[in-house]
Amino acid sequence: MQWNLRSAEELAAALRRGAVTSVELTDEAIAAIERDDKAINAICVPDFDRARAAARHADEARARGEDRPLLGIPVTVKESYDMAGLPTTWGIPQHANHVPAEDAVQVSRLKAAGAVLLGKTNVPLMLRDIQTFNDIYGTTNNPWDHSRTSGGSSGGSAAALASGFGALSIGSDLAGSLRTPAHFCGIYAHKPSLGLAPTRGMVAPPAPALPIDLDLAVVGPMARTARDLTLLLDVMAGPDPLTHGIAYDLALPPARHERPADFRVLIIEDHPLIPSGSAVRAGVNRVADALADAGARVERHSPLLPDPTEAATVYMQLMLSNAAANLPVDVYEQLRIRAAALGADDRSLDAARVRGMVLSHREWVETNNRRELHRHAWRRFFTEFDAVVCPITPTPAFPHDHNGSLENRHVDIDGVEYPYFDQLVWAGMATMPGLPATAVPTGLSPEGLPVGVQLIGPMFEDRTPLRLAELLEEQIGGFRAPR
């Protein structure tokens, strides 16, 4: 029997009843990688010897009567996480030989849950792209069409899951880095509420692995089913034992509803700053129709929705202020000159990005206060609604584009070009206020490419969009493997 494309939940059940061993699952996953990954290039740092040893230990533990959430299940890890004895480079050539001595907290949690770690998945340089390529490990291709990107920055993990290289993976998300690759490759991913899962050890080299509370950025699960997302989130969530874990325990509330008919959902197709392509709009409407047919209350407009234009501006400024913090002084001074030359009436996203890179502390505090007002508006919104359904990006996976700087690239939306980074406004809708968002596949575009949507829920009520994702999987189907 082939197990490669089975869910983690199915594999766990098969392991418990003795239908398969972890060694067999691991050998099959490794064989698939060795056979198929030459064309995909998802697994950039294989760790097969240790994986086989971990699988043997898992089978021995099960024979002793042990049972843990991921015991014996093959899993991959995004390259940006520290794994003791393996390189963590973030695609940066000068750090190609950086090998941490300790595991990231999330890698430790995977091991404690019994997972078999097959290796690390590819990333873009510094994790700063919507595609996955770097000078150390090369380009990761989309399993559905090798001429197209798998997304970024967790593109290696998404491509690995779509290809059957392990049942689960862990990634990270600041600008859609979990959600966009899931959308492009036809899998599931969950961006947790900000602060729900600790990020220690998910750090660019050569920085030390400190228990820092990152602004905007999160780590989260990727899978081929919605239920598997919950399985892996339960392993990842909970405070860092070095800091908040000293005083706090995790107690996530249950999903607001169990039946689709009880959900109150707002559908958003378009953003005021960028259109949605026809394939993405069709995916959003497939979800809207399925929910309406199941009896959910489905609305298309609400005055309670926080202003998307201001949200995108605040998001860009907060994100770019962080990204520019370590720029050389001469580069920073050039940016200050550019920002000073902007017209007061220039409210474009390009202008917001430039201004964000040179925010003073006073200006950052003011921008952060605007974020808090948005969070408060979202709390009011979620008294009337349970979730938002909206795009993840405006298009399905686009052709590889490695030309020039990110600022000079464009995205083609139904034949019209838009600034490359403007497509991030959809990711920012959940990221800026720190809300949970679940990426759900909705079918294929006319070109045969996967299309997904995101389900945005209330902060720290992650189980609500996850439960809605499970219900949609039953209604419209979920993952399908590339041919």
Side-chain angles (χ1 to χ4, degrees), residues 43-47 50-51 54 70 75-128 132 134 136-137 152-154 156-157 168-175 177-178 191-222 232-233 235-248 250 319 322-327 431 434:
I43 310 298
C44 61
V45 185
D47 195 21
R50 291 199 298 184
L70 305 179
V75 174
T76 60
V77 173
K78 188 175 181 177
E79 199 270 357
S80 50
Y81 288 87
D82 287 350
M83 287 181 66
L86 298 182
T88 297
T89 72
W90 289 45
I92 306 168
Q94 59 265 42
H95 296 302
N97 297 317
H98 175 74
V99 179
E102 295 183 357
D103 290 335
V105 65
Q106 293 299 344
V107 172
S108 296
R109 288 181 176 184
L110 288 176
K111 290 180 177 179
V116 173
L117 306 187
L118 297 168
K120 304 181 81 174
T121 60
N122 202 17
V123 296
L125 175 66
M126 285 294 295
L127 314 190
R128 291 178 181 173
T132 291
N134 63 73
I136 301 175
Y137 300 120
S153 63
S154 307
S157 288
L168 301 167
S169 194
I170 58 173
S172 61
D173 193 313
L174 167 68
S177 288
L178 285 160
K191 186 202 88 65
S193 297
L194 183 65
L196 182 62
T199 62
R200 175 164 49 91
M202 213 286 296
V203 59
L210 302 176
I212 297 169
D213 292 329
L214 298 177
D215 189 24
L216 300 174
V218 301
V219 296
M222 307 178 79
L232 185 48
L233 181 66
V235 171
M236 299 180 73
D240 191 316
L242 295 186
T243 54
H244 301 296
I246 296 170
Y248 305 147
L250 178 67
M319 179 171 62
N322 189 312
N326 295 317
L327 288 175
T431 296

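What you are looking at is a predicted structure, and each value in this text was computed from that prediction instead of being measured. Side chains are part of it too, since the values below use all heavy atoms of this structure and drop only hydrogens, waters and symmetry mates.
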With sequence neighbours excluded, tell me which residues meet side chain to side chain contact (heavy atoms under 4.5 Å, CB included) with Leu214. Thr199, Ile212, Ala217
Could you pull out all residues at least two apart from Arg128 that satisfy side chain to side chain donor-acceptor pair (under 3.5 Å)? none
Sequence neighbours excluded, which residues qualify as side chain to side chain donor-acceptor pair (under 3.5 Å) partners of Thr431? Arg179
Taking only residues at least two apart or on different chains, which pairs with a member in residues 84-93 satisfy salt bridge (charged side-chain N to carboxylate O under 4.0 Å, His left out)? none
With sequence neighbours left out, what residues match Asp240 under side chain to side chain contact (heavy atoms under 4.5 Å, CB included)? Pro198, Arg200, Pro211, Leu242, Thr243
Check for a donor-acceptor pair, side chain of Glu79 on one end and backbone N or O of Asn122 on the other, with a separation under 3.5 Å. no
Can you name the residues that form a side chain to side chain donor-acceptor pair (under 3.5 Å) with Ser80, not counting sequence neighbours? none
Once side chain to side chain donor-acceptor pair (under 3.5 Å) is applied, what residue pairs with a partner in residues 94-109 remain, sequence neighbours excluded? Asp103-Lys111
Sorted by chain and number, sequence neighbours left out, salt bridge (Lys or Arg N to Asp or Glu O under 4.0 Å) with Asp213 holds for none
With sequence neighbours excluded, tell me which residues meet side chain to side chain donor-acceptor pair (under 3.5 Å) with Ser177. Ser153
Nearest 0.5 Å, what's the CD1-CG distance between Ile170 and Leu110? 4.5 Å
Show every salt bridge (charged side-chain N to carboxylate O under 4.0 Å, His left out) that has at least one partner inside residues 80-89, sequence neighbours left out. none
